[in-house]
Amino acid sequence: MIAEVDLQLHQCLGELIDNALDELVEASTEDRTLEPRIDITLPVSRTVGRSSAISVEDNGRGMSPTQLQEALSAGTSGKQRFGSLGLFGMGFNIATARLGTITEVRTGRSGDDRWVIATLDLTAMRRQSTYEVPLRYERKAREEHGTLVTVTGLREDMVIRLKSTRAIKETSGHLGRIYTYMLRDPQGGHSGAELMGGANQRLYVNKRAVSPHLPCIWDPNRSVTYKGSATQAATRINIPLTNAHACMNCGRWYTSAYNVCIECESTDIEERERRILGWLGIQRYADKSDFGLTFLRHGRAITYQDKSLFSWETPDGDYELEYPIELGMGRIVGEIHLDHAPVNVRKSNFDTSSHEWRFMVDKVRGPEPLRPQHAKRLVGHENTSPMSRFFNAYRENKAGLRYLVPGNGESSIHEATKAWGAKFRNGDPDYLTDEKWYQAAVDHDRFQSGPTPAAKLQDDDAWLQDEGLSHLSERGMGSLDMSDKDDKSDEPELIRPETEQERFTRYQSAATLLSDTDRHVRIGDAQPVLRVYVTSGVELTKDGQKQAYVVRIVAGEIEIYVDRSATLIARYGWSPMNVALVCAAPQLKNVYRVEEPIDQLITMILGQFPDRRVDATAVRARADSLLDDIRERLADLTAKDPSTYWNTLSSESRRAAEANAVSIAPYVDWSGAVENGEYARYLSAQGILDLVTDSPDLVLDGALFKTTYTSLGEDTRADQVARLGALLADLRRMTGGTPVFQTLELSRLLLTADLLEAEIAAT
């Protein structure tokens with residue numbers, strides 16, 4: 001019967017690995033010179049059969065004959081179970097029986113001169129109606145030690161599974177995710193390594209190291225501002241609990257003292273400290289599924305990338321998904337250690353109905369909605385949990401430092417940052433820290449706002465220096481050493497022609513690399529590296545003539561430099577990337593001998609940059625997020641005189657608000673919302689436009705929008721209202737009008753969203 005328990009290959013191996021890790025953690029504590037390792041050997045697809053063997057071996061302390069006999073007794077552990085990943089006993093028997101019919105355990109301690117061997121042949125044991133396991137012995141060198149478990153007589157479904165050419169790779173991947181914490185080096189050098197911790201153990205499958213699935217998070221020192229204070233990009237979770245009593249034999253916890261364990265009748269019960277430990281962090285990229293929390297017990301992942309805490313459980317027991325709310329892409333990740341919480345027999349989930357789990361949910365996520373205004377409306381106060389602060393501080397995926405999202409000067413670069421994440425997990429040293437992601441967020445803001453006055457000054461200085469006129473620069477004049485000038489004024493200055501390398505080095509010193517370039521692109525039959533730089537304050541030249549762009553193609557690398565002040569960018573609003581490709585396409589077509597027309601060549605290259613597409617879904621999501629932000633701020637204003645502002649709204653806007661409220665909160669007290677101003681949380685874009693048009697004193701002059709109003713003359717005030725009204729009319733179209741699919745129109749609406757967001761006053 002135990003062979004019928006539904007366990008996958010990696011789950012069976014996990015039971016054996018748990019035992020080995022328990023042993024190695026203790027062995028490493030006793031012997032600091034030990035280099036712990038676990039070796040798993042799996043048959044390869046071309047040779048696997050029923051007679052093949054699966055083995056798990058560790059170099060721990062090994063067992064004596066007595067210890068081995070106790071360990072193999074079903075339901076009994078040869079060591080204390082408290083604080084352990086696994087145990088010999090039922091879990092061991094189930095796992096080995098799922099793999100095959102014959103299990104051999106070979107173990108020995110350092111200093112002993114023989115291996116102790118036990119063979120469990122389930123078929124023979126059933127035939128002989130005996131479950132006694134005789135021991136036998138073989139000679140060994142005294143310095144040898146450890147335990148080897150070998151399973152043969154493989155079950156047919158395991159043979160079929162192992163015949164897949166991907167079986168070993170997929171099994172290694174599963175094990176890497178389950179044992180990430182145990183395998184991770186807390187001094188690994190990647191961002192957040194010390195915060196996340198790890199046990200630095202070693203696990204191999206067919207002599208290849210199993211890699212932990214390292215969380216790709218921002219450095220804990222990065223932060224964004226939320227409600228006037230910094231919210232770090234990663235933070236520890238350390239929640240002390242009241243001490244409890246633990247059965248040291250079976251691991252069951254009791255909140256009050258017991259003399260005898262009701263689970264296993266052991267009297268070995270001790271009072272122990274309990275804590276909820278772990279961390280929450282922001283991933284360096286957003287994804288539709290690759291995010292969430294991992295919950296662990298004694299370092300072993302029980303659930304991986306769990307998303308259950310992102311939904312709010314209503315008083316009626318229903319669940320409302322609250323995260324992610326933008327584009328369906330999330331980036332909140334974390335690890336929560338619940339060593340005191342019960343798990344199921346397969347170790348595939350916690351008992352989510354247990355008091356221990358429910359308490360953790362309340363402390364880490366909070367019982368209230370994550371959305372602050374929704375929480376205030378329903379329960380009268382905001383959620384103050386660690387996750388709620390993360391949710392609100394990093395809720396948007398808009399590019400730039402405001403939310404710590406890398407961008408390319410136009411939009412977020414989710415696809416590119418995911419590709420960087422893959423390089424991070426492959427151990428590429430250039431991607432271990434978050435510097436590349438951070439620089440992309442910095443560069444995005446720089447593209448958006450243009451060069452700083454300081455940068456402009458440096459650019460001017462560089463130009464004067466290049467022209468041999470550094471003495472005219474402000475800095476040069478300020479620091480000019482007159483004695484040197486006097487000494488050299490009579491000496492003729494030798495001017496050496498600038499080399500090409502020096503020229504391009506000069507360009508680079510005044511340039512910003514577009515974040516999603518610097519990678520291989522396919523052009524015809526070639527795959528060169530493409531880098532696009534935007535320059536500022538330096539004159540691009542070719543053959544002595546000023547150019548809007550220059551191209552250098554060397555050794556499979558393409559560098560395109562585009563002047564930020566080029567007419568197509570500065571006057572016609574083209575993106576630097578588009579200018580670069582349009583201008584360089586004839587040269588690329590010639591060098592790479594592309595037969596297709598130039599327009600197809602440009603399309604082919606742009607198609608390799610999906611983040612640069614203008615997408616209707618993205619526009620709608622951006623508008624919805626913007627509308628939510630405006631409504632939340634507006635509710636505090638309408639509360640000052642609810643009835644007056646309610647009467648300002650058109651009948652159409654009042655009906656829309658009411659319908660929206662019923663849709664979002666079916667049991668809303670609408671009369672109360674109208675009386676206290678809460679109706680503002682349900683207004684449509686048209687409703688907000690009504691307030692701007694008919695009650696500008698309420699929302700302008702920094703109350704909601706930065707737009708100056710009361711101090712202006714009557715005509716100018718009307719112009720201000722009309723200008724803001726035009727932006728809100730576009731917001732109305734984005735959130736409730738006919739879907740827009742024309743690219744130019746989508747681009748225009750995205751620009752409107754940028755302009756409208758810039759109008760919102762800071763809180």
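Note that this is a predicted model, so its numbers are computed, not measured.
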For this session: Show your reasoning for whether side chain to side chain contact (heavy atoms under 4.5 Å, CB included) applies to Met734 and Val619.
Result: CA-CA 7 Å; Met734 285 186 270; Val619 173; 3.8 Å; yes
Exercise. Once the angle between the rings of Tyr561 and Tyr533 is folded into 0 to 90°, is it parallel (under 30°), tilted (30 to 60°) or perpendicular (over 60°)?
Worked result: parallel
Seminar exercise, completed: Smallest heavy-atom separation, Ala685 atom then Leu731 atom, equals CB-C, 4.0 Å
Problem set entry | Heavy-atom side-chain contact between Thr512 and Arg446 under 4.5 Å | yes
For this session: Kindly determine whether Asp730 and Arg733 satisfy salt bridge (charged side-chain N to carboxylate O under 4.0 Å, His left out), including the steps that lead there.
Result: CA-CA 5 Å; Asp730 272 351; Arg733 186 179 179 202; 5.6 Å; no
Exercise. Any chance CG of Asn647 has more than 12 other-residue heavy atoms, nucleotides or ligands included, within less than 6.0 Å?
Worked result: yes
Problem set entry | Stepwise salt bridge (charged side-chain N to carboxylate O under 4.0 Å, His left out) test for Arg723 and Glu759 | CA-CA 11 Å; Arg723 184 180 61 82; Glu759 290 284 341; 2.7 Å; yes
Exercise. Are the side chain of Ser311 and the backbone N or O of Tyr319 linked by a donor-acceptor pair below 3.5 Å?
Worked result: no
Exercise. Cut-off 3.5 Å, side chains only: do Ser650 and Asp690 have a donor facing an acceptor?
Worked result: yes
Exercise. Looking only at side chains, do Asp719 and Thr716 share a donor and an acceptor under 3.5 Å apart?
Worked result: no
Problem set entry | Enclosure of Trp670 CH2 (heavy-atom neighbours >12, cutoff 6.0 Å) | yes
Problem set entry | Short side-chain to backbone donor-acceptor contact, Ser388 and Thr384, under 3.5 Å | no
Exercise. If you take all heavy atoms of Thr231 and Tyr226, which pair is closest and at what distance?
Worked result: OG1-CB, 3.7 Å
Exercise. Is there a donor-acceptor pair under 3.5 Å between the side chain of Thr648 and the backbone N or O of Thr644?
Worked result: yes
Exercise. Is it the case that Arg331 places NZ or CZ above or below the six-membered ring of Phe291, under 6.0 angstrom from the centre and within 45 degrees of the axis?
Worked result: no
For this session: Check for a donor-acceptor pair, side chain of Asn660 on one end and backbone N or O of Tyr682 on the other, with a separation under 3.5 Å.
Result: yes
Exercise. Just checking, any donor-acceptor pair under 3.5 angstrom between side chains of Thr707 and Gln720?
Worked result: no
For this session: Check the side chains of Ser653 and Gln686 for a donor-acceptor pair under 3.5 angstrom, ignoring hydrogens and angles.
Result: no
Exercise. Is a salt bridge present between Arg717 and Glu714, judged by a nitrogen-to-oxygen distance below 4.0 Å?
Worked result: no
For this session: Work out which heavy atom in Ala580 is nearest to a heavy atom in Val532; give both atom names and the distance.
Result: CB-CG1, 3.7 Å
Exercise. Are Tyr507 and Phe504 close enough that their ring centers fall under 6.0 Å?
Worked result: yes
Exercise. Taking it one step at a time, do Arg655 and Glu658 satisfy salt bridge (charged side-chain N to carboxylate O under 4.0 Å, His left out)?
Worked result: CA-CA 5 Å; Arg655 282 198 303 274; Glu658 188 173 322; over 6 Å; no
For this session: Would you check if Thr735 and Ser684 make a side-chain contact, meaning some heavy-atom pair closer than 4.5 Å?
Result: no
Problem set entry | Side chain Asn676, main chain Gly672, donor-acceptor under 3.5 Å | yes
Problem set entry | Considering all heavy atoms, the nearest Thr752-Leu727 contact | CG2-O, 3.7 Å
For this session: Examine distances only and state if a side-chain atom of Ser625 and a backbone atom of Arg622 form a donor-acceptor pair shorter than 3.5 Å.
Result: no
Problem set entry | Ser229/Arg389 under side-chain hydrogen bond (donor to acceptor under 3.5 Å, both in side chains): CA gap, chis, key distance, verdict | CA-CA 11 Å; Ser229 60; Arg389 188 166 184 84; 2.7 Å; yes
Problem set entry | Stepwise ring pair (Phe, Tyr, Trp, His ring centres under 6.0 Å) test for Tyr679 and Trp646 | CA-CA 8 Å; Tyr679 58 82; Trp646 175 252; 4.9 Å; yes
Seminar exercise, completed: CD1 of Ile332 to CD1 of Ile217, rounded to nearest 0.5 Å, is 13.0 Å
Exercise. Could you give the distance from CZ (Phe390) to CG (Leu280), rounded to the nearest 0.5 Å?
Worked result: 5.5 Å
Exercise. Are the side chain of Thr638 and the backbone N or O of Gly677 linked by a donor-acceptor pair below 3.5 Å?
Worked result: yes
Problem set entry | Contact summary for Ile760 and Lys706, nearest pair of heavy atoms | O-CE, 3.8 Å
Seminar exercise, completed: Shortest non-hydrogen pair, Met329 vs Pro324, comes out as O-CB, 3.2 Å
Problem set entry | Aromatic Phe609 / basic Arg519 pairing, under 6.0 angstrom, 45° off normal | yes
Problem set entry | Pairwise distance CZ(Arg371) to CZ(Arg681) - rounded to 0.5 angstrom | 12.0 Å
Exercise. For Ser536, does its backbone N or O pair with a side-chain atom of Asp563 as donor and acceptor, under 3.5 Å?
Worked result: no
Exercise. Out of curiosity, Arg222 CZ to Ile282 CD1, how far, rounded to the nearest 0.5 Å?
Worked result: 14.5 Å
Exercise. Given side chains that start at C-beta, do those of Asp287 and Lys418 come closer than 4.5 Å, heavy atoms only?
Worked result: yes
For this session: Determine, step by step, whether Thr710 and Asp701 satisfy the side-chain hydrogen bond (donor to acceptor under 3.5 Å, both in side chains) criterion, reporting the C-alpha distance in whole Å, the side-chain angles of both residues, the deciding distance to 0.1 Å, and the verdict.
Result: CA-CA 7 Å; Thr710 54; Asp701 284 327; 2.9 Å; yes
Exercise. Does Tyr285 offer a backbone N or O that forms a donor-acceptor pair with the side chain of Thr417 under 3.5 Å?
Worked result: no
For this session: For the pair Glu322 (side chain) and Leu370 (backbone), establish whether a donor and an acceptor sit closer than 3.5 Å, ignoring hydrogens and angles.
Result: yes
Exercise. Does NZ or CZ of Arg284 come closer than 6.0 Å to the centre of the six-membered ring of Trp218, within 45° of the ring's axis?
Worked result: no
Exercise. Can you tell me how far the CZ atom of Arg531 sits from the CD atom of Glu559, to the nearest 0.5 Å?
Worked result: 6.0 Å
For this session: Determine whether Trp312 and Leu321 make a side-chain contact, defined as any pair of heavy atoms from C-beta on separated by less than 4.5 Å.
Result: no
Problem set entry | Trace of the side chain to side chain contact (heavy atoms under 4.5 Å, CB included) decision for Arg620 with Asp624 | CA-CA 6 Å; Arg620 176 62 189 259; Asp624 285 342; 3.1 Å; yes
Exercise. If you measure from the Lys or Arg side-chain nitrogens to the Asp or Glu carboxylate oxygens, is any gap between Glu745 and Arg748 under 4.0 Å?
Worked result: yes
Exercise. Can you find a heavy atom in the side chain of Asn578 that is under 4.5 Å from one in the side chain of Leu606?
Worked result: yes
Seminar exercise, completed: dist Leu683:CG -> Leu689:CG (nearest 0.5 Å) comes out at 11.5 Å
